[in-house]
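In what follows, a single structure is set out as structure tokens and then discussed.
Quick note: residue numbers are just sequence positions, from 1.
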Amino acid sequence: MTVTISDATMREYVDIMVSHSEDHVPYCAISLPPEVRKFIQDSPDKDPTQIWKEILRKYPNPNFTRDSVYQFWHDRAKAKWTSAADEVTSARNLLKRGAEPGGLGEHRVEEILIEEPEGLSVIAFSLPDMISRWRDRIREAAIDSAWGTNRAGYEIFAALGEAYGSGLPLGYLCLKAIGESAEGSKRQVLETFLEHFRDRWGLTVKVTLSDKDWTEIGACRRTWPDAKHQLCFWHCLRALKKRLAILRRQPALYNVKEAIAEFAFIDPTFLPIAQQPVSAPNIVASQKPIPRIVVRGLVPVSTAKEVARDGGASTVGEGRRNRPRIVLKLAGKTVTILDPGEYHGGTGRKGDDELDGTADGDSDRMTADIGRSTATPSDSGDDGGNGEEGVDDEFWQRVAREVKQCEQDVDEEDAPDWEFEDGETKSKDPNYTFCPAPHRSVLLHLFTRHFTRHPIFPARLGETETAEQIRVNAVKEMYYQCKRNGLAEVWAYMWTQWYAPKRWPLWARSSSPILSRLRTTMTVENHWRQLKHQYLRFTHRPRLDHAIHVICTEMIPAYMVAASKLEDSHRLGRARQLTPFGVAFKANWKQKEKATVSGREYQTCVKSWQCNCGAQETDPHHLCKHLVQAVPKPPPNFFTEVVRRRTKPLYRHPALHQLGTSPGEYWRAEDGSITEGDDHEGVGGHALLRKATRDEEGVGGWADVASGAAKKGFKRNRILVDVESDSETGPSQRRRLGEEGNGVCEGEEEQEEGAERRTLKTSLSRLAERLHHASEILNVQLPHENTTWMRSIRATLSEEWEGKLESFLTHIRHFERSGTTPTWPRNPQEQAASRHTMGYQLKSARRLEHDLT
């Protein structure tokens, strides 16, 4: 329809009437109805997903779209986080608001001022409420970054601290390249970011974790040089898997002199193609891996000690000749499995010249596993693969999935240069193959075993090994696997990138005396997953200020609530909730309680929490069915109290005692399931919480526990206890595990008690000397009657401190006069008297001892 109006006919108004003479489709309105707009305006605390669900209840088939609802909500809500057109400026303004309580959500944020290097834009902030609450108990920290969280293209790093197996966010760093920057600038920014937690908050960590990002690795090691840096296991395994599948890339320069200087068994002529002399024969990689032969049950007939004991009647050489010689014929080739090569009796390892077989510990039988060409969990697990007991280990199942995927992956000719280490160049030979596909699964399984080994865990059917022995055996296994299959290229890569002295400590857990709770960066990965799929699920790449606003106002409050549930005082008057660690630990424990155990005997020790079945090192909680079934069924409170320690024994709790023996007791509030007094408060047994306040000895007091006033009392004196120390007397000590109470654990207890006795004696001697000097100073100054000085000293040496000292002296005087002490204390006063006099030597006894000597 066309209407034409000219100036001549136009008046002030023109009336146009349209009449419908034909029926047509009615107009469809797609704009938001007024009542929907009002509902969105009246729901400021709901996110678009919640609003959309409410709208669908009233409008089951709306003509408007979810995008229009989000856009209307966004236009109204963006005032909360947008203060400038530039999102970076707006984000900085947000952090300034967050410095005040309530300025940006429920919890404060503190901007970290970092000088921006040329070519980089930096925004960083920390979470004071979280850090101040947990900094004294955080001993492990993980760092990782995420992309695609904001429209501005900033890479966001998150630093998380570990608490009882859970990750707690400590701060965030937003980093973006805006031009050319100097080499090392990104690492310097990350280092400054981490130094904020070390210097500003006094955060002391023993373990740092990251993926295989050299920027993160360098920043962590520079900030905490004494801490063990641990690469994430899954990142390592996937990096190795991907590298083995790239065909045409040669390894970097192999420092063969360095390798030979440390390990004499390495052949100096076993070199990659690029380093081989022109006259050297070609090393051809086998296209089908030579089976790995596992021989169990062989021990040397005579050793040097036996020769000396027998008065030299026989020689070691004669003993070797008397030992059985095992020879197999594989594919028409004779292969010697055990010959007069040196056998390290009892170590579960073979000699230097045994290239085609390994002796994996002692057993009452001899087996040669030649039916498979790949290493499997049976090499380190619990009888898996031998048909006796199957391995039901989630860890090995996931490793098997990774290996299976490796076998199914399509080989790549090459990849971008940034994916490789320095010095790894593309081969000009079109027939060059870095690693034939059939060998990869074996190498991945060997690498996994070397990653998980630790001196705390005994070798399968063998003894515990020192960190040095684990490294020697790992290098030997990987080297011989490559040597007998002609994988010179792979060995050069393995040594250069993984097994060299500077690379080994980055990923091998055995390189540290303590065993970290975290072996992956899954806590940070889960953190990013929650941010993207839970808190930012209704938006696609929001502005940077919007992303920071969501983190501070929605994500951090949720983490603070979850962190409060980790506290020992949480729900003090009721049964505690299981922590995420407790839920997984309990499920794992119950599964192993029901597991079938074969008739094979293993050496288990509940006190040290060790078993030589080989399953502990890969179990996520370092349990094994033999240990679980060696203790009585634990009470329900066990799963809410147990904490995984970082040194031997990995678990310590009154409920963990050998079947047929009495359970342990709580003697002090800080006893029980603690982590060397390092990060666990502990409330002790319920008997210690029967009264409202703690007595003069600091025992009991549920009111103080609930209010947090007793927190310091729950921690051990760190001056007296070397936290997370290993109970081994030295790196060269080696021993066999025994049954509970067989003398081995008792010997370890004696060593621990001796060390504790020396530490306590030194500490108390120092205390006695200080008390003596303080007494001399008081006696000299009191005649001067200086009121100001006496008032200050009286405030410092409070009446509460004086009361404890008087209680100690009163109990000692009474014991000296009567010579008796309560055997079964019935009240706090008698308990204090018993503690003060238990083991105290009377003056009369000391005089008698002096007279006798």
Side-chain angles (χ1 to χ4, degrees), residues 164-165 382 454 456-458 464 514-515 517 568 575-576 578-579 581-595 597 602-613 615-617 619-688 716 721 724 726-727 737-753 756:
Y164 318 141
D382 188 8
H454 194 275
I456 288 179
F457 306 119
T464 55
I514 65 172
L515 187 67
R517 293 176 181 167
D568 293 299
R576 284 188 61 193
L578 287 174
T579 63
F581 165 82
V583 172
F585 178 87
K586 184 176 182 180
N588 193 6
W589 183 283
K590 294 297 183 182
Q591 183 183 25
K592 287 176 171 51
E593 275 185 338
K594 302 174 182 178
V597 178
Y602 295 99
Q603 295 175 345
T604 60
C605 182
V606 173
K607 285 185 179 179
S608 61
W609 200 254
Q610 289 176 299
C611 178
N612 70 341
C613 70
Q616 265 189 291
E617 61 188 25
D619 185 83
H621 304 101
H622 303 300
L623 302 177
C624 86
K625 55 189 174 185
H626 308 102
L627 285 170
V628 170
Q629 297 182 24
V631 301
K633 186 175 181 179
N637 65 298
F638 167 73
F639 298 105
T640 62
E641 296 174 356
V642 69
V643 173
R644 214 277 270 165
R645 293 153 46 90
R646 297 184 182 93
T647 187
K648 189 184 69 177
L650 294 179
Y651 295 101
R652 178 186 291 167
H653 192 275
L656 296 178
H657 58 93
Q658 189 78 15
L659 282 169
T661 63
S662 301
E665 299 180 12
Y666 288 106
W667 288 94
R668 298 179 301 274
E670 65 267 25
D671 274 346
S673 186
I674 58 175
T675 307
E676 285 298 294
D678 193 31
D679 67 346
H680 199 61
E681 294 178 9
V683 295
H686 288 253
L688 300 181
R716 286 187 175 182
V721 180
E724 303 292 7
D726 196 349
S727 60
L737 288 174
E739 296 296 331
E740 185 77 359
N742 68 348
V744 178
C745 292
E746 293 174 3
E748 293 171 0
E749 267 194 357
E750 290 176 1
Q751 294 176 3
E752 293 176 357
E753 290 177 0
E756 183 183 15

Just how far is it from atom [atom1] of [X] to atom [atom2] of [Y], taken to the nearest 0.5 Å?
X	Y	atom1	atom2	answer
Cys611	Glu617	SG	CD	11.5 Å
Trp609	His653	CH2	NE2	12.0 Å
Ile456	Thr647	CD1	OG1	5.0 Å
His621	Leu623	NE2	CG	7.0 Å
Asn588	Glu593	CG	CD	11.0 Å
Leu659	Lys633	CG	NZ	13.5 Å

Taking Asn612 for the side chain and Gln603 for the main chain, is one N or O donor matched with an acceptor at less than 3.5 Å?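 Yes, the answer is positive, given that a donor and an acceptor are paired below the 3.5 Å cut-off.
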Measure the shortest side-chain to side-chain distance between [X] and [Y] over non-hydrogen atoms and say whether it is less than 4.5 angstrom.
X	Y	value
Tyr164	Arg517	yes
Arg644	Leu515	yes
Pro632	His657	yes

Heavy-atom pair with the smallest gap, counting every atom of [X] and [Y]:
X	Y	result
Phe639	Leu578	O-CD2, 3.3 Å
Ala595	Gln629	O-NE2, 2.9 Å
Cys624	Gln616	CB-CG, 4.2 Å

Using 30° and 60° as the class boundaries, would you call the ring planes of Trp589 and Phe585 parallel, tilted or perpendicular?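 Plane angle between 30° and 60°, so tilted.
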Please walk me through it: do Phe457 and Gln610 pass side-chain contact (heavy atoms from CB on, under 4.5 Å)? CA-CA 6 Å; Phe457 306 119; Gln610 289 176 299; over 6 Å; no
Output, in order, the C-alpha distance, side-chain angles, deciding distance and verdict of side-chain contact (heavy atoms from CB on, under 4.5 Å) for Phe581 and Val643. CA-CA 9 Å; Phe581 165 82; Val643 173; 5.8 Å; no
